[in-house]
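Okay, so here's the structure we're looking at.
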Protein chains: 2
Amino acid sequence: MSFSRNTRQRDAVRQAFEQSDRPLSPEEVLSLASEFAPGLGIATVYRNLKGLLAEDWLAPVALVGDAPRYERSGKHHHHHFHCSRCDKVYELEGCPEGINRLVPRGFKVEAHHLVLNGTCRSCVRP
Amino acid sequence: MSFSRNTRQRDAVRQAFEQSDRPLSPEEVLSLASEFAPGLGIATVYRNLKGLLAEDWLAPVALVGDAPRYERSGKHHHHHFHCSRCDKVYELEGCPEGINRLVPRGFKVEAHHLVLNGTCRSCVRP
DNA sequence: ATCTCTGCAAATGTTTTGCATCAGC
DNA sequence: GCTGATGCAAAACATTTGCAGAGAT
């Protein structure tokens with residue numbers, strides 16, 4: 001095992017996520033974290049994303065037809081809403097019942113991811 | 001509007017999906033469809049995937065930490081299980097209750113996607 | 001005969017890696 | 001001072017596009 005050093009850049013990436021209430025793409029992380037660590041490079045963003053995913057500080061969010069986003073893990077359990085008009089991703093509270101009923105015998109479930117697609121409030125009434 | 005011609009290659013791509021009971025990646029499509037259309041190029045696969053998505057013959061499946069897959073749309077409503085050991089994607093019957101309860105007021109839901117992650121039966125007992 | 005589709009190769013866009021240097025510890 | 005982390009540039013992938021020629025209608 002190796003330790004991770006606490007660099008200015010890694011802190012900046014973490015801050016980007018702490019300050020944001022929605023999942024971020026690598027480019028968004030670069031632009032947000034650059035304020036705290038000027039000169040930050042995209043390669044460093046990717047390296048830190050990978051590291052923070054490995055230590056489970058971040059979790060990936062998969063979206064249909066769009067690049068993956070990342071968000072702080074360890075929050076309370078929640079799901080997502082992906083607006084097809086503005087592409088924003090919102091967090092949803094709660095979790096539907098009966099997910100375990102879908103699991104075939106012999107399969108072992110460790111996690112689940114639910115994404116609702118549609119139009120968000122801002123886009124419905126502009 | 002323009003019409004799509006019925007080429008050997010397009011048929012081959014469609015056949016790949018008809019013969020498969022699970023979502024496919026572009027590379028998998030290339031290798032399966034090549035049997036019906038020798039010499040098939042990856043660019044043609046991508047062009048046909050795009051076309052078949054546009055005419056709603058195919059639907060994309062987003063996976064956490066893995067490239068997107070595609071499957072025939074128009075099947076009965078179902079969800080997916082993604083095995084983190086062998087990376088296969090299975091179809092699940094049924095749909096959990098109460099998804100609409102998660103939707104904030106003013107949001108309009110058009111679709112939802114649920115993916116369970118874990119270990120499939122073949123990988124649990126090898 | 002027309003005009004779309006194909007294969008190839010080049011172009012793009014995204015993510016990863018090699019390497020010299022920098023900076024935490 | 002040691003060693004992991006960074007920035008840059010190049011490399012590796014994945015996907016898209018331009019173009020000349022093949023093939024569907």
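Excluded from the calculations below are hydrogen atoms, water molecules and symmetry mates; all remaining heavy atoms, backbone and side chain alike, are included. To find a chain, count down the sequence lines: A is the first, B the second, and so on, and within it residues start at 1.
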- Figure out the CG/P separation between B:L40 and D:dG23, and round it to whole Å. 14 Å
- Query: What is the distance, rounded to the nearest whole Å, between atom CZ of B:R8 and atom P of C:dT6?
  - Reply: 10 Å
- Message: In whole Å, I'd like the distance from the CG atom of A:N6 to the C1' atom of D:dT3.
- Response: 16 Å
- Once you round it to whole Å, what is the distance between P of C:dG24 and CG of A:N48? 14 Å
- Can you spot which of A:H82, A:H76, A:H77 makes a ring pair (Phe, Tyr, Trp, His ring centres under 6.0 Å) with A:H79? A:H77
- For the pair B:R72 (side chain) and B:E18 (backbone), establish whether a donor and an acceptor sit closer than 3.5 Å, ignoring hydrogens and angles. no
- Between P of C:dC5 and NZ of B:K50, the distance in whole Å: 14 Å
- Candidates C:dC8, C:dC5, D:dG7 - which lies nearest the side chain of A:Q9: D:dG7
- Polar side-chain contact B:R5-D:dT25 base: donor and acceptor under 3.5 Å: no
- Query: Between C:dC5, D:dA5, D:dC8, which nucleotide gets closest to the side-chain atoms of A:A43?
  - Reply: D:dC8
- Sort out for me which residue in A:S31, A:S25, A:P26 forms a side chain to side chain contact (heavy atoms under 4.5 Å, CB included) with A:E28. A:S25
- Message: What is the distance, to the nearest angstrom, from the CZ atom on A:R69 to the C1' atom on C:dT14?
- Response: 15 Å
- Give a yes or no on this: more than 12 heavy atoms of other residues, nucleotides or ligands lie within 6.0 Å of atom CD of A:Q19. yes
- To the nearest angstrom, the CD-C1' distance between A:E27 and C:dT14 comes to 9 Å
- Residue whose nearest DNA chain C nucleotide is more 5′ - A:T7 or B:T44: B:T44
- Task: Taking only the side-chain heavy atoms of A:R47 (C-beta and beyond), determine which of C:dG18, D:dA5, C:dG7 contains the nearest atom.
- Result: C:dG18
- Return the value, rounded to whole Å, for the distance between atom CD1 of B:I42 and atom P of D:dT17. 15 Å
